[in-house]
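One structure below.
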Amino acid sequence: MEELSFEGKILNTPYGKPDAYNALSMPVYNSAAFEFETAEQMELAFTGRAADHTYSRITNPTVQYFEDRVRTITGAFGVTALNSGMAAITNTIIALAQTGSNIVTSRHLFGNTYSFFTFTLAAFGVEIRFCDLTNAAEVEANIDANTCAVFLEIITNPQLEVADLKAISGVAKQKGVPVVADTTVIPFCAFKAKNFGVNIEIVSSTKYISGGATGLGGLIIDYGTFNWQQSPKLGELAKQFGPATFTVKMRKEIHRNLGAYMTPQTAYMQTLGLETMSLRYEKASATCQALVEKLEKLPEIASVNYTGLLTNKFNAISKAQFGEHPGAMFTFDLESREAAFRFMNKLKLIKRATNLFDNKTLAIHPASTIFGTFTPEVRREMNVSDNTIRISVGLESVEDLLADFVQALK
Ligand SMILES: *Cc1c(COP(=O)(O)O)cnc(C)c1O
């Protein structure tokens with residue numbers, strides 16, 4: 001068959017085995033364990049010489065089918081589905097880091113990732129080197145022999161900063177360090193991480209993939225493009241497994257031991273979500289672009305931050321990496337924290353809720369919520385302002401959303 005389109009690949013990924021009843025959508029295999037005919041077959045499965053499922057903390061047919069679809073559409077070497085985006089981040093870092101390692105990253109991070117890096121990892125002797133990821137020379141200067149990863153978010157939240165991914169991955173490659181990118185804010189249909197030198201991609205599938213906010217999930221996507229012989233921790237394993245090293249480490253050790261595999265129910269819901277993801281994304285991102293262009297003109301709004309605006313300083317790099325409408329999240333500033341709270345409380349259609357890329361449009365005041373337990377100094381360092389509101393645009397019409405903005409700003 002000719003090379004299928006993105007949607008064609010999603011909808012035509014074959015099952016690992018034919019279904020006993022020819023079910024058209026993958027059944028939910030809600031079973032903790034799987035039975036064997038003989039002790040010999042059991043031995044083969046448990047020692048990895050046969051691909052049979054044994055126990056659903058390790059693999060499960062429904063979850064594996066979701067992983068297979070993601071592998072098909074991304075062209076990845078290995079995909080592991082976890083029960084949250086944070087589980088995908090923590091499993092990845094624990095596979096790469098050891099005491100004495102450092103991670104080169106930015107302060108502009110998702111709140112829990114920042115907390116995991118600065119508090120949780122510190123207890124295990126892993127150093128975090130914060131730098132300006134829009135400055136490739138600064139990244140290069142921070143990398144040394146103990147750097148286990150360059151970690152970045154492709155559009156930071158809520159600052160909406162965009163690093164030049166080819167520049168960063170070029171520096172990392174030359175230094176022999178893998179690039180780990182959290183790409184949650186732009187889905188696979190619009191952003192091909194592999195083409196920008198990302199070695200390990202992390203996605204919170206809670207967001208665009210789920211769509212309906214039906215459950216939490218996370219993905220670790222290994223492109224098999226890194227030479228792991230250069231890794232202080234994985235170098236020994238790489239002599240045996242070559243480009244498969246990271247996925248072998250993940251599947252044979254880390255994810256089994258940490259026990260955060262995706263549940264079959266979630267995999268079923270997110271497989272359905274994947275089928276409509278590009279349609280939903282096209283609609284939500286185009287609505288977001290149209291809405292911010294209208295909001296920019298309203299006198300009550302001090303500033304609008306969206307990298308799809310021509311006036312945005314990341315517009316050119318954003319367009320080169322993510323296309324015309326760079327996602328469905330934007331922020332805007334009002335004159336004060338009080339004005340921001342007043343606006344939030346007057347919303348009628350837009351929901352006051354955290355989460356991103358639900359089918360419904362959501363508003364949140366990041367400084368008092370996601371970053372609410374951080375000190376004002378840390379918030380300043382992270383560029384999280386008291387005047388900022390973050391909007392995640394859903395599937396409502398531009399007119400309905402604009403009307404809610406106008407009435408809430410009155
Ligand atoms: C939501 C989010 C996460 C965490 O994902 P969960 O599924 O909530 O654990 C990580 N990174 C980014 C950019 C996110 O938006």
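Atoms considered below: every heavy atom in the structure, side chains included; atoms not considered: hydrogens, waters and symmetry mates. For ligands, and for the atoms within them, numbers begin at 1 and follow the listed sequence.
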Begin from the C-alpha positions of Lys249 and Asp222 and carry the test salt bridge (Lys or Arg N to Asp or Glu O under 4.0 Å) through to its verdict. CA-CA 12 Å; Lys249 181 83 175 170; Asp222 172 12; over 6 Å; no
Would you call the rings of Trp228 and Phe246 parallel, tilted or perpendicular if under 30° counts as parallel and over 60° as perpendicular? parallel
Can you name the one residue among Phe371, Phe332, Phe341 that meets ring pair (Phe, Tyr, Trp, His ring centres under 6.0 Å) with His365? Phe341
Per the ring pair (Phe, Tyr, Trp, His ring centres under 6.0 Å) rule, what does the pair list look like for residues 267-294, sequence neighbours excluded? Tyr208-Tyr281
Are there any N/O pairs under 3.5 Å between ligand 1 and the protein, and if so, what are their distances?
| unit_1 | atom_1 | unit_2 | atom_2 | d |
| --- | --- | --- | --- | --- |
| ligand 1 | 5 (O) | Ser204 | OG | 3.1 |
| ligand 1 | 7 (O) | Gly85 | N | 2.8 |
| ligand 1 | 7 (O) | Ser204 | OG | 2.8 |
| ligand 1 | 7 (O) | Thr206 | OG1 | 2.7 |
| ligand 1 | 9 (O) | Gly85 | N | 3.0 |
| ligand 1 | 9 (O) | Met86 | N | 2.8 |
| ligand 1 | 11 (N) | Asp182 | OD2 | 2.6 |
| ligand 1 | 15 (O) | Lys207 | NZ | 2.8 |

With sequence neighbours excluded, what pairs up with Glu377 under the side-chain contact (heavy atoms from CB on, under 4.5 Å) test? Thr375, Arg380
Residues at least two apart in sequence or cross-chain that pass ring pair (Phe, Tyr, Trp, His ring centres under 6.0 Å) with His255, listed by chain then number, are Tyr261
